[in-house]
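Okay, so here's the structure we're looking at.
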Amino acid sequence: MSQKKCQVVVLISGSGTNLQALIDAATRADAEFSIRAVVSNKPEAYGLTRATEADITAAVVNHKDYPDRDTFDRALIEEIDRHEPDLVVLAGFMRILTPEFVRHYGGRLLNIHPSLLPKYQGLHTHQRALDAGDSEHGVTVHFVTEELDGGPAIVQAVVPIEAGDTAEQLAKRVQVQEHVIYPLAVTWFAQGRLRMLEDRSELDGELLPRGGKQITG
Ligand code: GAR
């Protein structure tokens, strides 16, 4: 990977602010990775426009065009593999993936999830953190395994919950950190410093804590 830049395919379903943070990082002179293509399961996803504006190939594999999850995931694999990526990055890709898909990209598939995993897997994470009366919340980048939102954590940014916060305010505070830690994790991978072991991540040859490297936002 030191010979040529790490080739990344990004999967999205929506607005693509994380995609934008990755595009911005990839266009810096010293970038260690390059975005080969962006694939969305939704034709109306604004992230597709972001890709096109950055001269990146944008493709749609609409899950509604397929009779079931297996067939959709196989079509998705076919589209992704046309671009021969070293790494596949889920950036707000809101589909549950089949074990076949996850195994196909084992150890080179990353996701970002808006909570301090293992807390609040699934949806509505900001409201759930508020309802629980937590004093802090955050976001995790992790390797994807067959367990939903459950693979080895890489990096986690912690943000404070302030009195009177709404879910929207909290989401905004968390998103600022999302845009910091996702390019960071992708860069570590591109530099060949990051590896998925059985149930933990390794950075620079050292086991990371179960929650990943902690960053305070
Ligand atoms: C992000 O907040 C990301 O953490 C979340 O979707 C949002 C996508 O925003 N991902 C998940 O909830 C995955 N379980 P974006 O399209 O603006 O990057």
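Numbering of ligands and ligand atoms starts at 1, following listing order. Just so you know, residue 1 is the first one in the sequence shown, and it goes up from there.
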**Exceeds 12 heavy-atom contacts within 6.0 angstrom, atom CD of E78** =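 Incorrect, the count does not exceed 12.
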**Request:** Return yes if a side-chain donor-acceptor contact under 3.5 Å exists between H179 and T17, otherwise no.
**Result:**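 Yes, because at least one side-chain N or O of H179 sits under 3.5 Å from a partner of the opposite role on T17.
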**Request:** Determine, using heavy atoms of Q20 and all atoms of ligand 1, whether some pair is separated by less than 4.0 Å.
**Result:**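 Under 4.0 Å: no for Q20.
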**ligand 1 contacted by I12 (non-hydrogen, < 4.0 Å)** =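 In this structure, I12 fails to qualify as a contact of ligand 1 - no heavy atom is under 4.0 Å.
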For [X], the ligand 1 atoms whose distance to one of its heavy atoms is below 4.0 Å:
{"X": "Q175", "value": "2 (O), 9 (O), 17 (O)"}
{"X": "E178", "value": "1 (C), 2 (O), 3 (C), 4 (O)"}
{"X": "H113", "value": "13 (C), 14 (N)"}
{"X": "P114", "value": "4 (O), 5 (C), 10 (N), 11 (C), 12 (O)"}

**Request:** Determine the interplanar angle of the H63 and F72 rings, folded into 0 to 90°, and report it as parallel if under 30°, tilted if 30 to 60°, perpendicular if over 60°.
**Result:**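 Plane angle over 60°, so perpendicular.
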**Request:** Show the numbers, then the answer: is there a side chain to side chain contact (heavy atoms under 4.5 Å, CB included) between R95 and R69?
**Result:** CA-CA 9 Å; R95 298 288 303 171; R69 214 179 274 287; 3.8 Å; yes
**Shortest heavy-atom approach to atom 8 (C) of ligand 1 - which of G122, G92, S115** =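 It is G92 that holds the nearest heavy atom.
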**Request:** State plainly whether the residues E79 and R82 are in salt-bridge range, i.e. N to O under 4.0 Å.
**Result:**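 Salt bridge: yes.
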**Asked** Would you call K5 and D86 a salt bridge, taking side-chain N to carboxylate O under 4.0 Å as the test?
**Response**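 The answer is no: the pair does not qualify as a salt bridge.
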**Prompt:** If you measure every N/O of N111 against every N/O of ligand 1, is any gap under 3.5 Å?
**Reply:**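 No, since none of the N or O atoms of N111 sits under 3.5 Å from an N or O of ligand 1.
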**Request:** Please indicate whether any nitrogen or oxygen in A91 is less than 3.5 Å from any nitrogen or oxygen in ligand 1.
**Result:**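 N/O-N/O distance below 3.5 Å does not exist for this pair.
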So which protein heavy atom does [atom] come closest to, and at what separation?
{"atom": "atom 17 (O) of ligand 1", "answer": "T17 OG1, 2.6 Å"}
{"atom": "atom 16 (O) of ligand 1", "answer": "G16 N, 2.7 Å"}
{"atom": "atom 10 (N) of ligand 1", "answer": "I112 O, 3.5 Å"}

**Prompt:** Residues two or more places apart in sequence or in another chain: which of them pass salt bridge (charged side-chain N to carboxylate O under 4.0 Å, His left out) with E147?
**Reply:**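 For E147 there are no salt bridge (charged side-chain N to carboxylate O under 4.0 Å, His left out) partners, ignoring immediate neighbours.
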**Message:** Going by ring pair (Phe, Tyr, Trp, His ring centres under 6.0 Å), name the pairs with one or both residues in residues 133-177, residues two or more places apart or in two chains.
**Reply:**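 Only H126-H137 qualify under ring pair (Phe, Tyr, Trp, His ring centres under 6.0 Å).
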